[in-house]
Amino acid sequence: MKLPRFVIPTFIALAVLGGWEWFVRAGHVNDVLVPAPSHILQWFWWALFDRASFESGHYLVALQKGELLPATWVTMRRLIIGFAIGAAIGIPLGALCARVRWVRDTIGVLALGLQTLPSVCWVPLALLWFGIREEAVLFVVVMGTLWAVVIAVQESVLNVPPLYLRAAQTMGSNGWHLWSRVIFPAALPGVLSGMKQGWAFAWRSLMAAEIFVVIVTGFGLGSLLNAGRELLRMDQVMGVMAVVMLVGLLADLVFFAPLERWLRRSRGLER
Amino acid sequence: MSTPLSKSPASAALTLRNVTKRFEGAAGRVTALEDISLDVREGEFLVVVGPSGCGKSTLLGLLAGLEHSDEGTIQLGDEPVLSPGRDRLVMFQQDALFPWLNALENVLFGLRLKPGLTDAERLESARYYLNLVGLGNKEKARPHELSGGMRQRVALARSLAPNPRVLLMDEPFSALDALTREQLYGDIQEIFTKRKKTIVLVTHNIREAVCLGDRVVLFSPNPGRVQQVFDVDLPRPRRMNDPALANLAAEVTTALSAHLAADKQ
């Protein structure tokens with residue numbers, strides 16, 4: 001008899017968690033520094049469902065019950081808005097880089113450099129320019145997303161097979177028609193993987209921004225994590241870490257993976 | 001659609017006069033084509049044959065308007081050829097079908113760019129040409145779901161559908177297996193006889209050239225130039241294993257070897 005695929009991983013995961021639980025309970029480590037899984041689970045329950053007043057902004061509110069979902073929402077909203085702005089600027093800019101040589105030699109090269117710059121580095125400037133406001137966080141997220149998207153779009157447009165362009169041109173396609181009906185569809189798989197990378201970068205930069213800066217306009221997951229550190233609540237720190245991972249996985253599972261699979265399948269890149 | 005006879009008795013669809021094309025390569029300047037003068041008659045199937053590097057693909061690029069000559073002129077009827085246009089559609093070595101469109105949409109691509117038609121007429125035309133190449137039942141298939149031969153058939157339908165004045169073929173059969181190729185030779189000849197298209201085909205396959213062409217123009221390399229022109233008077237449809245065709249192919253091969261040997265000395 002063949003076991004379903006999920007059985008062995010589930011068994012291993014449970015064994016690891018069980019071992020961890022036992023290790024902490026047996027007193028081999030300080031349970032303030034390393035909370036047991038059951039503690040983290042407890043924190044989850046408390047943070048999710050035991051809703052009390054959630055007031056954004058005030059530091060101590062981090063210990064209020066039931067703030068996990070509102071905090072996740074604050075973070076998601078920042079992420080989605082920042083990512084959307086980054087992609088909305090990055091896609092046309094990347095296309096322009098591919099199309100115009102001098103733009104590629106200036107902005108394209110700059111993008112390559114800025115992409116290697118961890119976007120936390122933007123935090124000091126963002127704070128000075130925008131103050132401790134929502135715009136500062138968004139700016140950091142946009143800077144994290146933008147350059148990855150620019151480079152991915154530029155590369156995938158440059159890699160469109162010239163044969164497609166020649167074929168389309170002989171049929172009378174040019175200008176906007178060529179871009180919208182040939183270049184963009186042909187570049188779409190590359191653009192999508194660029195978006196995916198941009199999303200990952202946005203996520204990282206947002207966490208950094210939220211951990212480093214307490215933004216009065218909303219208490220996000222990063223702030224929650226940092227509050228856990230300051231209050232020595234490692235169950236909260238680890239719980240938030242788990243949420244951050246889950247959200248990342250979920251975004252991939254719900255959005256990127258199906259889109260990619262559809263794209264690959266419809267073009268016969270995958271059976 | 002009939003084309004009015006032009007004044008010249010030969011009624012040339014395409015006229016090349018003293019066309020020269022050079023490339024700047026790593027090894028310096030290379031003359032790809034030297035002083036080519038050629039007429040392609042209206043309704044003629046002209047085949048340009050020669051070994052690789054003889055500039056025949058460059059010639060097709062020039063006719064398509066995808067590249068520009070350094071010297072000389074190319075005219076379609078009375079108009080100079082300066083840019084790509086749908087009066088000269090191209091079938092490429094690879095099918096160049098768009099993988100994000102299905103067979104019907106691929107055929108519609110060129111038709112949609114042709115003004116003066118209603119959408120219903122475009123659809124009808126696309127279906128007609130898909131049927132003509134024997135793929136009426138594959139409308140919804142994506143390119144990757146079709147075999148190499150079928151893809152080239154869709155590409156043929158796509159090039160024929162906007163009713164170009166000249167059909168240009170850049171070795172469209174070379175990537176296919178022998179059986180599929182022979183089938184396509186039959187299809188092309190049938191369509192050529194039925195639709196009276198002007199066709200320019202470039203190939204390195206001499207047998208293929210003799211099988212398909214009304215005239216076969218032999219090119220030789222370094223630099224690419226016209227060596228000899230053969231008239232093929234065999235009745236259509238021609239079969240690849242016809243002895244008369246084999247004889248003529250042998251004649252062309254002998255001529256090519258002689259030219260290549262002469263070049264070496």
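Below, chains carry the letters A, B, ... as their sequence lines are ordered, and counting in each starts from 1. Values below: all heavy atoms of this structure, side chains included; hydrogens, waters and symmetry mates excluded.
- No donor-acceptor distance shorter than 3.5 angstrom exists from the side chain of B/R142 to the backbone of A/R267, with no hydrogens or angles considered.
- Ring pair A/F130/A/F139 is tilted by interplanar angle, where 30° to 60° counts as tilted.
- Only the side chain of B/E67 comes within contact range of chain A, with at least one heavy atom under 4.5 Å from a heavy atom of that chain.
- Relative ring orientation between A/F256 and A/F83 is described as perpendicular, the plane-to-plane angle rising above 60° on a 0-90° scale split at 30° and 60°.
- Proximity to chain A (any heavy atom under 4.5 Å) is shown, for B/Q94, by both the backbone and the side chain.
- In this structure, chain A has no heavy atom under 4.5 Å from any part of B/L168.
- Judged purely by distance below 3.5 Å, without hydrogens or angles, the side chains of B/D177 and B/T180 pair a donor atom with an acceptor atom.
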